[in-house]
Colleague: 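Just passing along the structure, written as structure tokens.
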Amino acid sequence: MSTDKPKVPAVEGWFESNGPNPHLIGGQCEKCGTISFPREKSFCKNPSCDSTSFRAVPLSQRGTIWSYTNACYKPPAPYVASDPYVPFGIAAVELEKEGMVVMGQLAHGVRVEDVRVGMEVELVVETLFATEEKELLVWKWKPVAS
Amino acid sequence: MSTDKPKVPAVEGWFESNGPNPHLIGGQCEKCGTISFPREKSFCKNPSCDSTSFRAVPLSQRGTIWSYTNACYKPPAPYVASDPYVPFGIAAVELEKEGMVVMGQLAHGVRVEDVRVGMEVELVVETLFATEEKELLVWKWKPVAS
Amino acid sequence: MARDEVVILGVGMHPWGKWGQNFVEYGVAAARAALADAGVAWTDIQFVSGACTMRCGYPGYVAGATFAQALGWNGARIASSYAACASGSMALEAARAQIRSGRCDVALVVGADTTPKGFLAPQAGERPNDPDWLRFRLLGATNPTYFALYARRRMDLYGTTERDIAEVRVKNAQHGFTNPYARYRQELTVDAVLASNMVADPLRLLEICATSDGGAAVVVASADYARKKGVTSGVKIAAVSTVTPSYPSDQIEMPDFATDSWAVVPRPGHAFRDSVARAAYEEAGLGPEDMSLAEVYDLSSAMELDWYEQLGLAEAGEGERLLHDGVTRLGGRCPVNTSGGLACFGEAVPAQALAQVCEVTWQLRGTAGPRQVKNAKTGITANQGLFGHGSSVILTR
Amino acid sequence: MARDEVVILGVGMHPWGKWGQNFVEYGVAAARAALADAGVAWTDIQFVSGACTMRCGYPGYVAGATFAQALGWNGARIASSYAACASGSMALEAARAQIRSGRCDVALVVGADTTPKGFLAPQAGERPNDPDWLRFRLLGATNPTYFALYARRRMDLYGTTERDIAEVRVKNAQHGFTNPYARYRQELTVDAVLASNMVADPLRLLEICATSDGGAAVVVASADYARKKGVTSGVKIAAVSTVTPSYPSDQIEMPDFATDSWAVVPRPGHAFRDSVARAAYEEAGLGPEDMSLAEVYDLSSAMELDWYEQLGLAEAGEGERLLHDGVTRLGGRCPVNTSGGLACFGEAVPAQALAQVCEVTWQLRGTAGPRQVKNAKTGITANQGLFGHGSSVILTR
Ligand SMILES: [Zn+2]
Ligand SMILES: [Zn+2]
């Protein structure tokens, strides 16, 4: 999958892919501390809070699987599928500290048979798809090597 | 504007372009006689009529201008504009017998200065735009030569 | 706080299928059927409440006006409501509110759709601000992805088996088998269901609802108007719930990437989907034990098991028992999806919540034919549109 | 038939302009402003009525849910209404009906949009069944085409001059000059207007409204709720008209190619646009002579002259006299578009009917600053969405 093309995030500002500790970037309300993903920048999602100030915060790199599935058929556009199509897994992962569930693809090669509800996973960054010029990166979830 | 490419209507079943008497094709309710354009095929537009049967009828070739304007700027897609862009006129024409007003472009070369409310016009068929393979035809309104 | 009873005077549907016509035709056909059923002339209708479709261009966005124009402008006031799969209930509530506020006596509610084949996909174009576009782009997360997450969690937590899920599908096939409005009318075996292709583990092709063309319409009126028409024992609307979640919602919902966070504000006492029927029961002053039947939103067959519990018919994790005991089967205590459900209809988004109302109406009138629930007195519908649109209607006679 | 008064507790806007943000931000900013103005906490709102935008993906379609989620889920019931340019009034009526039917005491109505530059154009894709697509494809008929047809007919029938039309624009520039929410705040001369490029004869660039980003919100409540909040002399909703045409309609309407036919069924006694305000006057029990001001839909400056007559402020063909006599200017008997109108704001479709309500509310409260109408007691708004959506609101104090 990996090429010499430049690697860029498939979405701006949602995750940190450089360095040894890739992680999602959440927003934290400067008034009430509520965390959001994707990062809220305008209005706090806490209905009792009228804040409009937020800081970017790294989300936990590890969590536990809330649930999981896979995509046996090629998803429609705007998804850019591999050709030939290779099914991939998807997981919803609970982050304990943040008190939230975040979706992501399962890392390359991880099948639904390899995971179960409650299993510990960690965030990795992998290629989502490649264009002529570059590789588009996205966050994925991978079982923690035990 | 005219080429050797095959000429086909830009829309199916809205007007008759062949022969000496081009005309719009309306729908007439077989129950109450109400006329519609574009041709109604499913349900009568007369709220007191529950008919679902319609016949195709030719609409009057002549009418009087209800109002008119032009398009000084190039309309956006899906309009296919000439390049370079040439402004064109648009008229809403009242058909006496049918008791209705029908829009259409003004014939090539007819400017807003050439028409006025109440003026008699007749239907002509002209090229709307051309693709690599064919010319697309549409109905237009042209002042009756006096 | 109810001051007025609102009565269902007439219902009508256009059969579900893949007909290749404009959605307007299905809607007008359903509307004319409902008007005929009600014995009300179109020209007497004072308010037209359309459920929008986003797939059919401008006419779909302004569904109320589109149907009013196609039926022939009669000067009625109009509304066009959108709430994804819950649009029909929102449109029904809009009409009910007009009647209860004294602004009209009789209203027509219509929903219809023409749906493309395959996965529901976002419209063309780059829309990096639209979460519904991004979930396809970044995750390849289709609608079944979300249903599968719920199903797989249920399996891992409660021990639900693939066979259990298939049995829901088989039950609904048996129910819908004789429904003339259903698209899929064939009996199925558990083995046939389990032999169909996996789409999103653990959900198979036959356990995920298809996309359909279809239309449904309802004529509603004030009790006074109904009396003047000589209708004294009609079907009444006891409740319409159109609730949204309470913060923080801990259920991952289409098309979101993440739930709210419950780190700062604790989770509310009840989950969002539990609150949908709860609000309806509260308004009606009734409970799950009063329901003679239920029409629920089986986008996946597994989801129907969740609904048993969310409607209060069973405790959490007890849905399978209900199924196996035959409680939710025709002849059982509270048959679910007597129409055959989405399994036999497929989604026609703006029409489906109204189709549920049609089915419950026929059941309460005792005119449901071979799929009739004996002595049906009260029925509930439930569904949910993405972006937090809960929907539940309770009808009584 | 009115049983309950519905009160405008608060109004709020986000300034109109080209800000390049997501529409949700404008809506939430307007909502927070309206809540603050009303002194009502968001968590107390029981019903959220969103006016949809079709340009901003799924969040735009489900505007009610989108704003509710962005403000923080509070469990409120929601509606999302679409009626093109009349969407705001439809959303207001949805909220009013909930209050009048006793289903809630206080509701929030929100509309916001992000609008692209240039002509409003249909979404991409081939949609040969969609008249809104076909009018672009076959005729190159943009929105200004229709406004120009009305204007040119007026000129040929009534002798309206290009100068008359420009003078409407100049008046509205004078009105909007000091409005902090307006996008265009510059005084204009007739010569400057007439020097701007012709777009659709006889309409020039400065006489056709631009497309804008913007947001507007209104908090409405039952009279009981208002009293409990200590509000006893607030602005009240006297009428909301959301009528459709009566068959056969002889006015060519966007996006149609033709009118109805009046060969079989004779035309009704009044034209569609005349019926819009008429229905509002009827509900309010008031007439044009009672109006202290009006906010009308000047998609083109010429259209404002039509509205004078359609609102009953002048006989047909007498609109120009009203303008020249200064009746519709600040200081006149019934100033029109004191806000500056769409000429100074530009279209932000789902927000604009609500922006009209904001302006009339400020005028009736006497807080409109330099553009205050003296002793304003009653105001009317009027606009129209394509596909036959009439809209008019009357407010009183
Ligand atoms: Zn906060
Ligand atoms: Zn007829």
Side-chain angles (χ1 to χ4, degrees), chain A residues 10-12 14 24 26 28-29 32-38 45-49 59 65-81 87-105 111-113 115-118 128-129 136 138-140, chain C residues 116 118-128 130-157 197-205 246-253 255-267:
Chain A
V11 61
E12 251 343 290
W14 285 34
L24 296 171
Q28 182 165 35
C29 175
C32 77
T34 282
I35 286 177
S36 55
F37 180 82
K45 286 189 155 179
N46 174 352
S48 302
C49 177
L59 300 189
I65 287 187
W66 184 85
S67 192
Y68 56 96
T69 181
N70 60 5
C72 301
Y73 288 84
K74 188 169 80 166
Y79 189 72
V80 183
F88 57 89
I90 294 178
V93 172
E94 184 168 338
L95 307 181
E96 194 187 0
K97 198 184 74 181
E98 291 81 1
M100 67 196 304
V101 172
V102 181
M103 287 172 72
Q105 290 193 358
R111 300 161 309 159
V112 289
E113 294 80 4
V115 294
R116 61 177 192 283
V117 170
L128 177 63
F129 64 91
L136 282 298
V138 78
W139 77 95
K140 300 191 182 181
Chain C
F119 288 121
L120 291 177
Q123 290 186 324
E126 296 258 324
R127 289 195 307 286
D130 180 354
D132 196 54
W133 187 87
L134 283 165
R135 59 145 167 150
F136 282 90
R137 178 66 153 208
L138 298 178
L139 298 182
T142 61
N143 294 12
T145 300
Y146 290 82
F147 318 150
L149 289 174
Y150 307 146
R152 176 52 69 180
R153 182 167 170 86
R154 181 174 186 93
M155 290 173 79
D156 280 19
L157 288 192
N197 284 347
M198 192 71 86
V199 174
D201 184 283
L203 301 177
R204 294 171 183 280
L205 199 55
S246 290
Y247 182 88
S249 179
D250 65 355
Q251 290 283 311
I252 187 87
E253 295 282 359
D256 291 336
F257 285 81
T259 62
D260 293 331
S261 160
W262 57 85
V264 171
V265 180
R267 284 174 269 194

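All values derive from a computational prediction rather than experimental measurement. Numbers restart at 1 for each chain; the letters A, B, ... are given by sequence-line order, proteins then strands. Computed over heavy atoms, backbone and side chain alike; hydrogens, waters and symmetry mates excluded.
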Colleague: Kindly determine whether C/Phe257 and A/Leu24 satisfy side chain to side chain contact (heavy atoms under 4.5 Å, CB included), including the steps that lead there.
Modeller: CA-CA 12 Å; C/Phe257 285 81; A/Leu24 296 171; over 6 Å; no
Colleague: Over all heavy atoms of both residues, which pair between A/Phe37 and C/Ala258 is shortest? Give the atoms and the distance, please.
Modeller: O-CB, 3.4 Å
Colleague: At a heavy-atom separation under 4.5 Å, does A/Val138 approach chain C through its side chain, its backbone, both, or neither?
Modeller: side chain
Colleague: With the side chain counted from C-beta on, respond yes when C/Pro128 and A/Val11 share a heavy-atom pair under 4.5 Å apart, and no when they do not.
Modeller: no
Colleague: As an exercise: rank C/Ser261, C/Ala151, C/Ala263 by heavy-atom pairs under 4.5 Å with chain A and give me the winner.
Modeller: C/Ser261
Colleague: Under 4.5 Å heavy-atom distance to chain A, tell me which part of C/Tyr146 shows up: side chain, backbone, both or neither.
Modeller: side chain
Colleague: Which bit of C/Leu203 comes within less than 4.5 Å of chain A, counting heavy atoms only: side chain, backbone, both or neither?
Modeller: neither
Colleague: Under the 3.5 angstrom rule, does the side chain of C/Arg153 hit a backbone N or O of A/Trp66 as a donor-acceptor pair?
Modeller: yes
Colleague: Determine the minimum heavy-atom distance between A/Pro75 and C/Thr142, stating which atoms define it.
Modeller: CB-CG2, 4.1 Å
Colleague: Under 4.5 Å from any heavy atom of chain C, what part of A/Gln105 do you find: side chain, backbone, both or neither?
Modeller: both
Colleague: C/Leu157, C/Thr145, C/Leu134: which one forms the most heavy-atom pairs within less than 4.5 Å of chain A?
Modeller: C/Thr145
Colleague: Taking all heavy atoms of C/Ala200 and all of A/Cys72, pick out the closest pair and write down the distance.
Modeller: N-SG, 4.4 Å
Colleague: Side chain, backbone, both or neither: which part of C/Ala141 has a heavy atom under 4.5 Å from chain A?
Modeller: both
Colleague: What are the two closest non-hydrogen atoms of A/Ser67 and C/Ala148, and how far apart are they?
Modeller: OG-O, 4.5 Å
Colleague: With a 4.5 Å cut-off on side-chain heavy atoms, are A/Thr69 and C/Arg152 touching?
Modeller: no
Colleague: Checking A/Ala77 against chain C: side chain, backbone, both or neither under 4.5 Å from a heavy atom?
Modeller: backbone
Colleague: Measure distances from A/Ser36 to the heavy atoms of chain C and classify the residue's part below 4.5 Å as side chain, backbone, both or neither.
Modeller: neither
Colleague: So how far is it from A/Met103 CE to C/Thr259 OG1, rounded to the nearest 0.5 Å?
Modeller: 11.5 Å
Colleague: For A/Glu94 versus C/Trp262, what's the shortest heavy-atom pair and its separation?
Modeller: OE2-CZ2, 3.6 Å
Colleague: As an exercise: rank A/Asn70, A/Val102, A/Val112, A/Val93 by heavy-atom pairs under 4.5 Å with chain C and give me the winner.
Modeller: A/Asn70
Colleague: I'd like to check A/Tyr68 versus C/Asp156 (side-chain heavy atoms, cut-off strictly below 4.5 Å). Are they in contact?
Modeller: yes
Colleague: Please assess A/Leu128 against C/Leu138 for the test side chain to side chain contact (heavy atoms under 4.5 Å, CB included), listing each intermediate value before the final yes or no.
Modeller: CA-CA 7 Å; A/Leu128 177 63; C/Leu138 298 178; 4.3 Å; yes
Colleague: For a 4.5 angstrom cut-off between non-hydrogen side-chain atoms, does A/Val80 reach C/Arg137?
Modeller: yes
Colleague: Please classify the contact between C/Glu126 and chain A as side chain, backbone, both or neither, with a heavy-atom cut-off of under 4.5 Å.
Modeller: neither
Colleague: Is A/Trp139 close to C/Leu139 at the side-chain level, that is, under 4.5 Å between some pair of heavy atoms?
Modeller: yes
